[in-house]
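Computed from a predicted model, the values in this text were never measured in an experiment.
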Amino acid sequence: MKPVIGIFYTVALLFSASSSYGQSKENYASRIDSLIQSPTSPRPFNGVVLITQNGKTKYSKAYGFKDSRTKILLKMDDQFEIMSNTKQITSVLLLKQYEKGKIDLQAPIKKYLPSLTQPWADSVTVHQLLNHTHGIIDTEKPLLFKPGTEFKYGNLSNILLGKIIEKASGKSYIQSATDLFKELHLKNTFCYSKDNRRNLVSGHINKDNNFTPVENSFITDENMPADGVITTAEDMALWNSLLHKKKILSSKSYKLMTTSSTLSQHDVFGKEKSGYGYNMRIVKYKGIPYLGHTGLGDGFASLNVYVPGSDISIIVMENQMSEDSNLYYYQEALIRDIVLQSSLMKSKP
């Protein structure tokens, strides 16, 4: 789902930028506090924020409730659906099979998915699934465009990547992901199961600031590689540290994942097109390079940003999804900007 950040987002960005002139850069914590607690915000914040640098917590706050029906307050160790932030985990699982020589990124996907009957299966490559330049809109329909010529984001590519991972590994996607989480000691990260929710909070649809719980998750085994991972803010920060310090992938694989191979526009990351790698956005903010992605759906929203030059992770996860697309990622984007304007950017790892 592609967000359109409208007038509220624009006004808030202008306010954020202008207010920064009158405040010390040291005040990033108080600025975030004011933002998430603001009674005049066009929508309330309901989630968790974690900012780490060099593996140390710089800011940590849970604000709001786990479930609108019980009003039990959120805690930092609560678990959230991260939706499309799952996709970078799928990229890693695929690249680990590539490192073992079991997958050729430039091979046509027909090699791994022989059941595909459309002629394009002989031309679309694994690489094009990873960076959303494949042109597939339906496995039973013609391509939308010639592979490699355009970018069109969606879940189908990662569903197909999940099947390729299963073919190459000989294991289910869920088992491969579970094994990876165990190997990395991500103890609070798992693939969604309706029978084992652990500390997963309830997702909500926010309409005019009235919260309606999402009763039934749309996550299935089929779309698991696109949307299905559950985690905590702390585990997501640990994932960032391990991934971006090349503790999971080889230097070659990591470079493939985090190097722009196409361009894409997303309002949270700017009005102009920016780089896109393997389920990873490559962006600059006033000259500061960072990597990031968003996740939205099922009553949840998440933003995961990593700033390599300062070894900073910015994790924001909410168990609400605004019905008004103008307000998708409203506080998430502003929190990101506050941190990128802050004195933390002067500190080097």
Side-chain angles (χ1 to χ4, degrees), residues 1 46-48 50 62 64-94 96-97 154-206 211-239 279 293-302 304 315-321:
M1 190 178 299
N46 204 94
V48 298
L50 178 64
F65 45 76
K66 301 181 186 187
D67 189 314
S68 60
R69 293 161 293 196
T70 64
K71 302 297 184 182
I72 296 173
L73 297 180
L74 284 167
K75 299 185 297 182
M76 285 304 298
D77 61 356
D78 283 327
Q79 293 164 320
F80 292 73
E81 296 180 18
I82 59 172
M83 292 284 105
S84 287
N85 272 303
T86 297
K87 292 180 172 70
Q88 64 181 262
I89 294 165
T90 298
S91 292
V92 165
L93 290 171
L94 189 290
K96 288 180 79 68
Q97 294 302 314
N155 284 344
L156 180 55
S157 57
N158 276 261
I159 291 171
L160 295 175
L161 287 170
K163 295 180 186 301
I164 293 173
I165 291 165
E166 291 180 338
K167 179 78 171 179
S169 67
K171 298 188 290 188
S172 71
Y173 176 89
I174 292 173
Q175 188 59 57
S176 290
T178 301
D179 291 347
L180 178 63
F181 301 150
K182 185 177 180 179
E183 175 189 338
L184 301 179
H185 303 289
L186 298 173
K187 298 178 181 179
N188 295 305
T189 304
F190 66 103
C191 291
Y192 175 84
S193 168
K194 64 180 180 180
D195 299 320
N196 181 19
R197 293 172 56 90
R198 300 198 200 177
N199 292 322
L200 175 61
V201 299
S202 296
H204 298 83
I205 302 300
N206 178 349
F211 286 67
T212 302
V214 175
E215 299 288 353
N216 298 301
S217 173
F218 67 63
I219 300 172
T220 63
D221 286 355
E222 176 80 1
N223 64 20
M224 190 73 65
D227 290 315
V229 170
I230 313 300
T231 192
T232 62
E234 184 177 344
D235 266 15
M236 187 175 278
L238 177 56
W239 166 267
N279 289 309
H293 215 279
T294 52
L296 184 76
D298 230 20
F300 290 87
S302 62
N304 179 12
I315 311 295
V316 188
M317 301 193 296
E318 290 194 88
N319 58 328
Q320 68 159 323
M321 172 183 166

Could you tell me whether the side chain of Asn319 and the main chain of Lys66 form a donor-acceptor pair under 3.5 Å?
yes
For atom NZ of Lys182, is the number of surrounding heavy atoms from other residues, nucleotides or ligands below 6.0 Å larger than 12?
no
Is there a side-chain contact (heavy atoms from CB on, under 4.5 Å) between Thr189 and Val229 once you walk through the steps?
CA-CA 7 Å; Thr189 304; Val229 170; 3.7 Å; yes
What's the separation between atom CG in Leu200 and atom CD1 in Ile230, rounded to the nearest 0.5 Å?
5.0 Å
Pro225 vs Leu161 side-chain heavy atoms within contact, under 4.5 Å:
no
Under 6.0 Å from the CG atom of Asp221, do we count more than 12 heavy atoms belonging to anything else shown?
no
Test side-chain contact (heavy atoms from CB on, under 4.5 Å) on Val201 and Phe300; report intermediate values, then the result.
CA-CA 10 Å; Val201 299; Phe300 290 87; 3.8 Å; yes
Any side-chain heavy atom of Leu296 sitting closer than 4.5 Å to one from Met83?
no
Between His204 and Ser68, is there a donor-acceptor pair closer than 3.5 Å when you use the side chain of the first and the backbone of the second?
yes
State, with a plain yes or no, whether a side-chain heavy atom of Leu184 is found less than 4.5 Å away from one of Leu238.
no
Grab the two heavy atoms, one from Ala237 and one from Leu50, that are nearest each other, plus how far apart they are.
CB-CD2, 3.9 Å
Measure from the side-chain N and O atoms of Asp235 to the backbone N and O of Asn188, and report whether any donor-acceptor pair falls under 3.5 Å.
yes
Distance from Leu156 atom CG to Glu222 atom CD, nearest 0.5 Å?
9.0 Å
Ignoring hydrogens and geometry beyond distance, is a side-chain donor-acceptor pair present between Gln320 and Asn206 at under 3.5 Å?
yes
Between Gln79 and Asn199 (side chain of the first, backbone of the second, donor and acceptor by atom type, cut-off under 3.5 Å), is there such a pair?
yes
Using a 6.0 Å cut-off, check whether atom CD of Glu234 has over 12 heavy atoms from anything other than its own residue.
no
With a 4.5 Å limit on heavy-atom distance, are the side chains of Leu180 and Leu93 in contact?
yes
Passes side-chain contact (heavy atoms from CB on, under 4.5 Å), Tyr173 versus Ile159? Steps please.
CA-CA 10 Å; Tyr173 176 89; Ile159 291 171; over 6 Å; no
First locate atom CG of Asp298, then atom CE of Met321, and finally report the distance between them rounded to the nearest 0.5 Å.
9.0 Å
What I'd like to find out is whether the side chain of Ser176 reaches to under 4.5 Å of the side chain of Lys96, using heavy atoms alone.
no
Establish, from distance only, whether the side-chain atoms of Asn155 and Asp227 form a donor-acceptor pair under 3.5 Å.
yes
Are the side chains of Val214 and Ile205 in touch, meaning some heavy atoms are under 4.5 Å apart?
yes
Hey, could you give me the OG/OH distance between Ser217 and Tyr192, rounded to the nearest 0.5 Å?
4.0 Å
Heavy atoms of Met317 and Thr232 approach each other most closely as CE-C, 3.4 Å
Within a 6.0 Å radius of atom CG on Asn216, are there more than 12 heavy atoms belonging to other residues, nucleotides or ligands?
no
Do Met236 and Phe80 have side-chain heavy atoms sitting under 4.5 Å apart?
no
